[in-house]
K.L.:
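Provided herewith is a single structure, encoded as structure tokens, for subsequent inquiry.
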Amino acid sequence: MTVTKEMVSDLAPRHEGASLREATDRAREDEVLRALEACGGCVTHAAEELRVSRRTLTTLLGDYGLVERACEMRRKAWGRRSAMGRPPR
């Protein structure tokens, strides 16, 4: 198999030139979103999948500004208001 330029560019970091902290935060945010999507926006199940406490995941959602997005995922998956409540102030 021949390695093409497109294949190599797909393997390149998403945020080339970012600091280690920025790259780590982006990777963590991506994993949080992936887990939430896989669990239909259910924070409890996403936390279990990520092997963190629900409280830790809720803090990460606030840190990354993803609270409303998680609520939308939950509403879309369940067709009702999320039990997660309002975003933190």
K.L.:
Excluding sequence neighbours, so at least two apart, what forms salt bridge (charged side-chain N to carboxylate O under 4.0 Å, His left out) with E31?
P.N.:
R34
K.L.:
How would you list, by chain and number, every residue that makes a side-chain contact (heavy atoms from CB on, under 4.5 Å) with T59, sequence neighbours excluded?
P.N.:
D63
K.L.:
Just verifying a value: how many Å separate T24 OG1 and R26 CZ, rounded to the nearest 0.5 Å?
P.N.:
12.0 Å
K.L.:
Please examine the side chains of T56 and L50, heavy atoms only from C-beta on, and report whether any two atoms are closer than 4.5 Å.
P.N.:
no
K.L.:
Which pair of non-hydrogen atoms, one from L61 and one from A70, has the smallest distance, and what is that distance?
P.N.:
CD1-CB, 4.2 Å
K.L.:
Rounded to the nearest 0.5 Å, what separates atom CD in E49 from atom CG in L36?
P.N.:
9.5 Å
K.L.:
Can you name the one residue among R28, E29, R55 that meets side chain to side chain contact (heavy atoms under 4.5 Å, CB included) with L60?
P.N.:
R28
K.L.:
Between L57 and A46, which heavy-atom pair has the shortest distance, and what is it?
P.N.:
CD2-CB, 3.7 Å
K.L.:
Applying side-chain contact (heavy atoms from CB on, under 4.5 Å), name anything that partners R21, two or more places apart in sequence or on another chain.
P.N.:
S19, D25
K.L.:
If you look only at distance, which donor and acceptor atoms sit under 3.5 Å apart when one is on a side chain in residues 37-44 and the other is two or more places apart or in another chain?
P.N.:
from	atom 1	to	atom 2	distance (Å)
T44	OG1	R54	NE	3.1

K.L.:
Hey, is R69 close enough to E72 for a salt bridge, meaning N to O under 4.0 Å?
P.N.:
no
